[in-house]
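Following: one structure in structure tokens, then a few remarks.
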Amino acid sequence: MLRWFAEHGRRDLPWQTDPTPYRVWVSEIMLQQTQVATVIPYYSRFMERFPTVTALAKADLDAVLSHWSGLGYYSRARNLHEAAGLIVGEHNGAFPDTLDQAMALPGIGRSTAGAILALSKDQRHPILDGNCKRVLARYHAVPGWPGESGVAKRLWSHADAHTPDANVARYTQAIMDLGATVCTRTRPHCDVCPVADHCATGLTGTPEQFPGRRPKKIQPVKETRMLIVYSPDGSVLLERRPPAGIWGGLWSLPECATHEDPYEVCVQCFGLETASVDALPGFRHTFTHYHLDISPLTLAVTDDSTDIMERPDLLWAREADLEDRGLPAPVRRLLEDFFRMDESPCQERLTA
DNA sequence: AAGACGGGGAC
DNA sequence: GTCCCAGTCTT
């Protein structure tokens, strides 16, 4: 593995050039359930804005969420920010040196804690990310879906047995790179695999059948109406979502259940008189666990009461304000389209 | 043990 | 469309 890594491993990823615990930590959190190519631009912007754990701890959560906007799993950003405060407040600004202390931080489980300490301090800890699960399930022909506790337990045992006493950082990067570039989900390249000779499935079996698939489930379909409440000065009303749950803590559009009257919602919830409801084309946003059918409605504010908003969960935002706010990806796209229509001469919606 | 939690890349 | 990804947290 180490010989293969020296020749074929990835050594030039942004967090590898200067693998401090902080830089590795941020990368590992971003890489949870997210592919390297997606992470890289986010990582660059994040490290430029929050170069140290102190800078991250001092920042507003809003600033952190805006740099996370579009990555998904926003609890990762909230946990990262909270953990930075704990590191500054309880660890004198130094990332914890033991596995248990690292795992005590929010957002850091066993695999991430092991990866950070292995990659940044060469400590001996096994990891078990998606790449390792695939490599080990194939190498040892472990049947079953890794989401089952018994299967995960066997994989952890193999991971620990393979982890060397020396060169842990390089070995850890090697097994992840092997999974990412050779032992790929479909059509693995067993002909160039450095461990194919001892692999239980590579040359003689069917590696694609490992690991076992997640049991299939029908995903429910939910629907909502999103209100684009716009004022004559070209700003739209944003509402902050609750800290937990879907899109937790992000700025989104007010929503209106199918049985509610959008005019009434504007009056009751925001004290705003509106007119001229228009429907924009609906679209479907798909999550891991359900589909969300979104029907956007535009409402023009008719009275001049835009100065009554003193609520911290409400915000009038112009187009230029959006980039500094954490918005769910579909809401960001929707508002970008809305403002783009606004500029287009064929629309008379705002000019009446 | 099972479900919640986003978004995008690969196919 | 489906599957999955450098998982963790809550229930």
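Convention: sequence-line order gives letters A, B, ...; per-chain numbering from 1. Side chains included, hydrogens not; waters and symmetry mates left out as well; all remaining heavy atoms used.
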| Close approaches to DNA chain C from residues 136-169 of chain A, in residue order (heavy atom, under 4.0 Å) |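 None - not one residue of the stretch has a heavy atom sitting under 4.0 Å from the strand.
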| said: Checking A/Y290 now: which residues fulfil ring-ring contact (aromatic ring centres under 6.0 Å, His included) with it, not counting sequence neighbours? | reply: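 ring-ring contact (aromatic ring centres under 6.0 Å, His included) check on A/Y290 returns A/F287.
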| message | So, using ring-ring contact (aromatic ring centres under 6.0 Å, His included) as the criterion, who are the partners of A/Y139 when residues are at least two apart? | response |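 In terms of ring-ring contact (aromatic ring centres under 6.0 Å, His included), with neighbours along the sequence ignored, A/Y139 is linked to A/H162.
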Which atoms of nucleotides 9-11 of chain C (N or O only) lie under 3.5 Å from a protein N or O atom, and what are those distances?
{"from": "C/dC9", "atom 1": "OP1", "to": "A/G107", "atom 2": "N", "distance (Å)": "2.5"}

| said: List the residues meeting side-chain contact (heavy atoms from CB on, under 4.5 Å) with A/R333, not counting sequence neighbours, and say none if there are none. | reply: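 A/R333 satisfies side-chain contact (heavy atoms from CB on, under 4.5 Å) with A/H285, A/A329, A/P330 only.
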| request: Kindly write out the residues that satisfy side-chain contact (heavy atoms from CB on, under 4.5 Å) with A/D321, not counting sequence neighbours, or none if the list is empty. | output: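 Per chain and number, A/D321 pairs via side-chain contact (heavy atoms from CB on, under 4.5 Å) with A/A317, A/R318.
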| DNA chain B: 5'-proximal contact among A/G245 and A/Y42 (nearest heavy atom) |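 Looking at the nearest nucleotide for each, A/G245 comes out on the 5' side.
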| field | Closest-nucleotide ordering on DNA chain B, the 5'-leading residue of A/K217 and A/L327 | value |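 Looking at the nearest nucleotide for each, A/K217 comes out on the 5' side.
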| message | Test your reading of the model: is there a side-chain donor-acceptor pair from A/Q16 to the backbone of A/D12, 3.5 Å cut-off? | response |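 Here the side-chain-to-backbone pair exists.
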| query | Any sub-3.5 Å donor-acceptor pair from A/H81's side-chain atoms to A/L65's backbone N or O? | reply |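 Not confirmed, A/H81 side chain does not pair with A/L65 backbone.
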| Heavy atoms, side chains only, cut-off 4.5 Å: are A/D129 and A/L31 in contact? |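 With C-beta onward as the side chain, the pair stays apart.
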| field | Minimum-distance pair of heavy atoms, taken over all atoms of A/F95 and A/A102 | value |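 Where A/F95 meets A/A102 most closely, the heavy atoms are CE2-CB, 4.0 Å.
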| request: Using the side chain to side chain donor-acceptor pair (under 3.5 Å) rule, collect all pairs that involve residues 51-65 of chain A, keeping only residues at least two apart or in two chains. | output: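 Pairs touching residues 51-65 of chain A that pass the test: A/D62-A/R240, A/D62-A/R325.
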Rounding to an integer number of angstrom, what distance separates [N] and [M] when you compare their [atom1] atoms?
| N | M | atom1 | value |
| --- | --- | --- | --- |
| B/dC5 | C/dC4 | C1' | 15 Å |
| B/dG6 | C/dC3 | C1' | 15 Å |
| B/dC11 | C/dA6 | P | 13 Å |

| message | Reading DNA chain B from 5' to 3', where do the contacts with chain A start and stop? Cut-off is 4.0 Å to heavy atoms. | response |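 Counting from the 5' end, contacts occupy B/dA1 to B/dC11.
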| Of the options A/L253, A/I246, A/L250, which is the one that meets A/P328 in a side chain to side chain contact (heavy atoms under 4.5 Å, CB included)? |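 Per the side chain to side chain contact (heavy atoms under 4.5 Å, CB included) rule, the option paired with A/P328 is A/L250, out of A/L253, A/I246, A/L250.
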| request: Go through the steps for A/W25 and A/L80 under the test side chain to side chain contact (heavy atoms under 4.5 Å, CB included), then give the verdict. | output: CA-CA 9 Å; A/W25 171 37; A/L80 197 61; 3.3 Å; yes
If we ignore angles and hydrogens, is there a donor and acceptor under 3.5 Å between the side chains of [X] and [Y]?
| X | Y | value |
| --- | --- | --- |
| A/T34 | A/R76 | yes |
| A/N131 | A/R134 | yes |
| A/D18 | A/T20 | no |

| task | May I have the distance from A/E82 (atom CD) to C/dT8 (atom P), rounded to whole angstrom? | result |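 In whole Å, C/dT8 P lies 16 Å from A/E82 CD.
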| field | Qualifying salt bridge (Lys or Arg N to Asp or Glu O under 4.0 Å) pairs with a residue from residues 88-100 of chain A, counting only residues at least two apart or across chains | value |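 Listed once each, the pairs are A/D97-A/K121.
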| Going 5' to 3' along nucleotides 1-6 of chain C, which nucleotides have protein heavy atoms under 4.0 Å from the base (write B), which only from the sugar-phosphate (write S), and which from neither (write -)? | --BSBB
| message | Does A/A329 reach a base, just sugar-phosphate, or nothing at all? Heavy atoms under 4.0 Å. | response |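 The residue A/A329 makes sugar-phosphate contact but no base contact.
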| At under 4.0 Å between heavy atoms, what does A/R333 touch on the DNA or RNA strands: base, sugar-phosphate, or nothing? |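 Sugar-phosphate only.
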| Between residues 246-257 of chain A and DNA chain B, which residues have a heavy-atom gap below 4.0 Å? |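 Result for residues 246-257 of chain A: A/I246, A/W247, sorted by number.
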Kindly list each side-chain donor-acceptor pair under 3.5 angstrom involving residues 39-49 of chain A, sequence neighbours excluded, with atom names and distances?
{"from": "A/Y42", "atom 1": "OH", "to": "A/S69", "atom 2": "O", "distance (Å)": "3.3"}
{"from": "A/Y43", "atom 1": "OH", "to": "A/R23", "atom 2": "O", "distance (Å)": "3.1"}
{"from": "A/S44", "atom 1": "OG", "to": "A/I40", "atom 2": "O", "distance (Å)": "3.1"}

